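Take a look at the structure set out below.
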Amino acid sequence: MNDPHGLALNRRDLLKSIGTLSVAGSTASMFVPIAGAAEATREWTGYSICDHCNHVPSCGIKFHARGNVIESIENWKENPRHILCSKGLATLQRLYNPNRLLHPMKRTNPKGSEDPGFVRCSWEEAYRMIAENLLRIRKQYGADSVMFYAGDPKEPRPPIIRLARHFGSVHWANESSAACRAGCMQAEQLTWGRPSTGAMPTEKTRSFMIMATNVWAQPLGWWESLVKAKARGCKIITVDTRRTKAAELADIHLAPRVGTDSALAMGMIRVLIKEGLYNREFVEKWCHGFEELAAYCETFTPEKTEEITGVPAADIVAAARMYAEGPGSFSLTTQSLTHNLNGVNNARALLLIPSILGYMDAPGGAMFPTNPKGQQTYGFGIHTSFYDGKWWNAKEQKDRRLDKDFVPVWHHMMVPFSPNLLPEWVKEGKIRAFCGWGFNVMIWPQPEEYAKAISKLEFAFATDYFYRKESHRDLDLILPAAMNFERYAPFGMYGAKYAPRTPVKPLGEAKEDWRIALEIGCLVDKPENFFDGDPVKACNAVLKVWEGNYEKAVAALPAVSTLKCEKNEPYKYVSGKLRPDGKPGFNTPTGKLELFSTITSKYGLEGLPVYKEMMKPEGDFNLRLINGTRKPYITHSKTRSDAPYLLELEPVSTIHMNPADAKKRGLVTGDFVEMRSKFGGPVRARIDVSIIVPEGTIDSQYGWRGDQNTQNLIPRQWDPISGYAPYFEVNVSVAKVK
Ligand SMILES: Nc1nc2c(c(=O)[nH]1)N[C@H]1C(S)=C(S)[C@@H](COP(=O)(O)OP(=O)(O)OC[C@H]3O[C@@H](n4cnc5c(=O)[nH]c(N)nc54)[C@H](O)[C@@H]3O)O[C@H]1N2
Ligand SMILES: Nc1nc2c(c(=O)[nH]1)N[C@H]1C(S)=C(S)[C@@H](COP(=O)(O)OP(=O)(O)OC[C@H]3O[C@@H](n4cnc5c(=O)[nH]c(N)nc54)[C@H](O)[C@@H]3O)O[C@H]1N2
Ligand SMILES: [Mo]
């Protein structure tokens with residue numbers, strides 16, 4: 001293969017461009033006078049954004065610094081998200097954690113060695129290794145053999161997508177294409193042709209459904225909004241397997257067994273149809289597949305639905321009637337719901353309830369938000385022009401993706417590819433190099449398989465806040481990422497509002513993720529495509545689209561600034577504002593709200609969101625494990641060591657068990673147990689006896705290391721629509737350890 005980018009590797013040129021980078025790199029930090037120029041003791045106030053859970057970039061942080069040292073933090077009250085939680089407060093402890101990765105490190109021992117022998121190296125050397133290897137591997141095996149990846153961190157993604165695109169690789173993946181909430185997003189897009197997590201209740205809202213959403217996982221404003229709605233008389237129905245805070249707030253708590261939500265939804269839809277409570281006019285005019293849906297839900301009588309879901313028949317009927325007293329809205333921000341082998345269908349089925357009631361985009365109902373034109377979340381690249389959506393969606397690129405046959409519906413709909421068969425693709429020589437930001441093998445079931453795959457690559461690097469042995473041991477390079485207080489990019493986005501940051505200088509030699517991605521871009525492609533490596537220039541390139549400007553926004557602090565944005569109005573499906581062609585209707589293949597999906601059926605899957613039985617309990621494997629539901633002070637695997645305050649709150653893997661189950665096993669709170677499944681174990685945990693879980697179900701936090709790693713209990717099996725693993729479906733045995 002010749003060099004289509006005209007960048008044949010030339011050591012002298014490379015060094016020259018690295019030299020230019022460090023000059024370009026210093027310009028950005030000059031315009032915020034308080035950060036760069038301040039003397040060591042001057043006191044000043046700055047602003048940043050929390051990234052400690054996944055709602056990023058989100059909650060605003062105001063900080064007080066002396067010189068370059070942040071001494072305290074507090075709520076940034078002018079920011080639309082202005083209440084810090086325990087994790088937000090702990091970011092300061094994370095910033096000054098003595099274990100932080102502060103210098104680029106390269107391995108000196110062969111891959112697979114127990115001790116990788118990481119030693120410090122310079123950024124110049126690291127960049128040279130990256131550029132030489134990426135250009136060599138591209139030349140030898142083609143650009144697609146290089147995989148670009150971001151784990152949980154959402155903030156770094158836009159420049160990484162841009163980097164993959166200009167490098168020419170279609171293999172960009174992230175935590176949302178491996179797991180997380182994008183399965184729900186698929187459900188939303190299949191149904192309405194666009195994503196929507198629902199809308200928080202307004203004055204007009206009379207009923208509200210909390211669909212498997214955990215208050216402990218939400219920014220605190222979410223809870224506030226529901227409590228206020230309830231006080232105004234809005235009825236609340238919570239659909240959650242567990243008795244959470246959101247369940248206790250509810251007028252009716254529906255607690256389906258894990259993975260039976262599609263049956264529950266069908267049972268409720270049947271009531272709405274039989275009793276004529278659905279919105280007939282809306283359904284006739286705007287929905288596709290109502291007949292099929294009505295026929296399918298026929299067998300889900302309240303009694304049959306109770307048998308499958310465990311929800312009392314009377315509650316199913318009462319909840320359907322209560323929710324029909326609209327206008328109603330809902331909230332669905334869950335990942336839990338889609339982490340079983342019928343996950344996307346379970347989410348789709350619940351979404352059909354507000355759909356047939358005509359609540360979508362109605363006042364007081366689930367209004368689709370109007371964002372600045374073309375705006376996407378950070379996780380999805382900010383703006384199509386920034387990552388070149390056209391290129392990614394062109395047939396030529398799509399056809400080259402490795403996930404084409406694995407998850408055709410996902411492949412059809414989504415820009416990031418599903419990375420879940422990475423071990424297989426590495427073995428087949430299809431992926432040869434890996435460029436990661438926040439790479440964590442513990443995201444996957446059977447994490448060791450992914451760690452092994454990494455050790456077989458020709459070249460791999462990742463950037464992170466910390467060195468994590470289980471994920472980083474077999475990398476060639478591990479690079480220090482600047483933390484939230486130390487970076488300009490990205491600015492916070494809250495619909496039409498945006499907030500810039502006034503960072504402190506990164507500790508050690510840490511660099512912003514945006515800068516790292518842009519600088520690598522300068523080395524493997526034309527620097528003008530990468531804003532000379534400058535994150536603020538890159539931010540301004542996107543902000544310009546909406547008439548925003550980073551420097552001006554800094555000058556306006558502590559106020560947040562506003563982007564150009566059309567005013568929202570209801571019934572956009574009537575006015576033609578939901579479709580790019582301006583025609584009335586939804587942006588789906590039929591132009592209608594699809595109760596029956598023409599996309600899933602095109603790929604040989606069920607068009608309706610049908611119910612499927614979950615894995616059956618067998619013998620001693622008789623407790624369903626909800627492996628990963630959120631707690632307020634834990635985020636994935638991160639907070640276990642990075643913020644010792646949080647670890648103090650729960651120092652070992654702790655699982656909830658219903659009193660009835662505990663009694664049967666002779667267990668009490670504080671006992672240590674071992675869990676086993678058909679797929680792995682033993683995994684150690686401590687018991688917390690609680691009615692938060694129903695009988696027959698236990699819950700755990702994933703992300704604990706060593707013998708507490710619950711991911712070892714989960715098989716590498718996949719929901720055919722999303723490619724997601726059944727983290728919440730597996731049955732385990734639990735026995736006391738002596
Ligand atoms: N504190 C904290 N906050 C976080 C995170 C964190 O780690 N810690 N992570 C962030 C991330 S990455 C994400 S994706 C979100 C996740 O946010 P959520 O998905 O809202 O949180 P979860 O606790 O995972 O799950 C929500 C609820 O689903 C219920 N559930 C589980 N299985 C089923 C089922 O089959 N049916 C029904 N009806 N209910 C079920 C659980 O009991 C739980 O209460 O949270 C984000 N916020
Ligand atoms: N069993 C089970 N498995 C699950 C889930 C579950 O509920 N149960 N949930 C799934 C979901 S929803 C998610 S989101 C994933 C979690 O996704 P993961 O990618 O596993 O998330 P983390 O462990 O939070 O973070 C990954 C790494 O990123 C680093 N990091 C954090 N912020 C930054 C940053 O800004 N820059 C850089 N360079 N590095 C950073 C952290 O130090 C960490 O090493 O797990 C999924 N897997
Ligand atoms: Mo997530």
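All figures in this text were calculated on a predicted structure; none of them were measured in a lab. Read the numbers this way: they start at 1 and go in the same order the structure lists the ligands and their atoms. What you see below is based on every heavy atom in this structure, not just the backbone, and it leaves out hydrogens, waters and symmetry mates. Positions are given from 1, in the same order as the sequence printed here.
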Return the option from [options] holding the heavy atom at the smallest distance from [atom].
| atom | options | answer |
| --- | --- | --- |
| atom 29 (C) of ligand 1 | Asp240, Thr338, Leu264, Thr309 | Asp240 |
| atom 38 (N) of ligand 1 | Thr629, Ile692, Asp261, Asn340 | Asp261 |
| atom 35 (O) of ligand 1 | Gly259, Gly628, Ala217 | Gly259 |
| atom 40 (C) of ligand 1 | Val311, Thr241, Leu332, Thr333 | Thr241 |

How far is [atom] from its nearest protein heavy atom, and which residue and atom is that?
| atom | result |
| --- | --- |
| atom 47 (N) of ligand 2 | Ile443 O, 3.1 Å |
| atom 21 (O) of ligand 2 | Asp152 CB, 2.8 Å |
| atom 20 (O) of ligand 2 | Asn440 ND2, 2.7 Å |
| atom 14 (S) of ligand 2 | Glu175 OE2, 2.8 Å |
| atom 1 (N) of ligand 2 | Gln711 OE1, 2.7 Å |
| atom 25 (O) of ligand 1 | Ser336 OG, 2.6 Å |
| atom 26 (C) of ligand 1 | Ala212 O, 3.1 Å |
| atom 10 (C) of ligand 1 | Asn54 CB, 3.5 Å |
| atom 9 (N) of ligand 2 | Tyr702 OH, 3.3 Å |

Could you check if a side-chain atom of [X] sits within less than 4.5 angstrom of a side-chain atom of [Y], using non-hydrogen atoms only?
| X | Y | result |
| --- | --- | --- |
| Val239 | Pro256 | yes |
| Thr91 | Asn484 | yes |
| Leu254 | Leu264 | yes |
| Leu646 | His52 | yes |

Have a look at ligand 2 and work out which part of [X], if any, has a heavy atom under 4.0 Å from it: side chain, backbone, both or neither.
| X | answer |
| --- | --- |
| Arg630 | side chain |
| Glu155 | neither |
| Ser637 | both |
| Asp513 | side chain |
| Arg468 | side chain |
| Phe728 | side chain |
| Ala179 | side chain |

How does [X] reach ligand 1, by side chain, by backbone, by both or by neither, if only non-hydrogen atoms under 4.0 Å count?
| X | answer |
| --- | --- |
| Trp216 | backbone |
| Gln335 | both |
| Thr244 | side chain |
| Lys631 | backbone |
| Ile634 | backbone |

With heavy-atom distances below 4.0 Å as the criterion, list the atoms of ligand 1 near [X].
| X | value |
| --- | --- |
| Thr213 | 20 (O) |
| Val239 | 38 (N) |
| Cys180 | 14 (S) |
| Asn214 | 20 (O), 21 (O), 22 (P), 23 (O), 26 (C), 44 (O) |
| Thr334 | 18 (P), 19 (O), 20 (O) |
| Pro632 | 1 (N) |
| Lys87 | 1 (N), 2 (C), 3 (N) |
| Pro256 | 38 (N) |

Q. Would you call His636 a ligand 1 contact, heavy-atom distance under 4.0 Å?
A.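 Yes; His636 lies near enough to ligand 1 that a heavy-atom distance drops under 4.0 Å.
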**Q.** Set of residues satisfying salt bridge (charged side-chain N to carboxylate O under 4.0 Å, His left out) with respect to Asp513, sequence neighbours excluded
**A.**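 Applying salt bridge (charged side-chain N to carboxylate O under 4.0 Å, His left out) to Asp513 gives Arg487.
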Q. Which residues pass the salt bridge (charged side-chain N to carboxylate O under 4.0 Å, His left out) test with Asp719, sequence neighbours left out?
A.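 With neighbours one apart ignored, the set is empty.
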Q.
Is it true that Arg348 and Asn345 share a donor-acceptor pair across their side chains at a distance under 3.5 Å?
A. yes
Q.
Pairing donors with acceptors under 3.5 angstrom, does anything connect the side chains of Tyr488 and Glu512?
A.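 No.
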Any salt bridge linking [X] with [Y]? Criterion: basic side-chain nitrogen under 4.0 Å from a carboxylate oxygen.
| X | Y | answer |
| --- | --- | --- |
| Glu613 | Arg257 | no |
| Arg94 | Asp51 | yes |
| Glu695 | Arg624 | no |
| Asp476 | Lys106 | no |

Q: Would you mind telling me which of Arg100, Arg515, Lys505 makes a salt bridge (Lys or Arg N to Asp or Glu O under 4.0 Å) with Glu486?
A: Arg100
**Q.** Positive for side chain to side chain donor-acceptor pair (under 3.5 Å) with Asn627, one of Ser677, Ser336, Ser700
**A.**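 The side chain to side chain donor-acceptor pair (under 3.5 Å) with Asn627 is passed solely by Ser700 among Ser677, Ser336, Ser700.
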Q: State yes or no: are the ring centers of Phe208 and Phe330 separated by less than 6.0 Å?
A: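 Ring-ring flag for Phe208/Phe330: false, centres at least 6.0 Å apart.
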Q: Considering the heavy atoms of Pro153, write down every atom of ligand 2 situated less than 4.0 Å from one of them.
A: 28 (O), 30 (N), 31 (C), 32 (N), 33 (C), 34 (C), 35 (O), 39 (N), 40 (C)
Q | Element-labelled atoms of ligand 2 that are located less than 4.0 Å from some non-hydrogen atom of Gly151 | A |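 Matching atoms, with element in brackets: 19 (O).
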Q) Is there a side chain to side chain donor-acceptor pair (under 3.5 Å) between Gln218 and Thr333 once you walk through the steps? A) CA-CA 8 Å; Gln218 291 295 314; Thr333 66; 2.4 Å; yes
Q) Would you say Tyr323's side chain and Ser329's backbone share a donor-acceptor pair under 3.5 angstrom? A)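 Yes; at least one donor-acceptor contact below 3.5 Å.
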Can a non-hydrogen atom of [X] be found less than 4.0 Å from any atom of ligand 2?
| X | value |
| --- | --- |
| Met442 | no |
| Gln701 | no |
| Thr635 | no |

**Q.** Six-ring centre of Trp216, Lys245 cation under 6.0 angstrom, axis tolerance 45°
**A.** no
Q: Compute the shortest N/O to N/O distance between Lys154 and ligand 2 and return yes if it is under 3.5 Å, no if not.
A: no
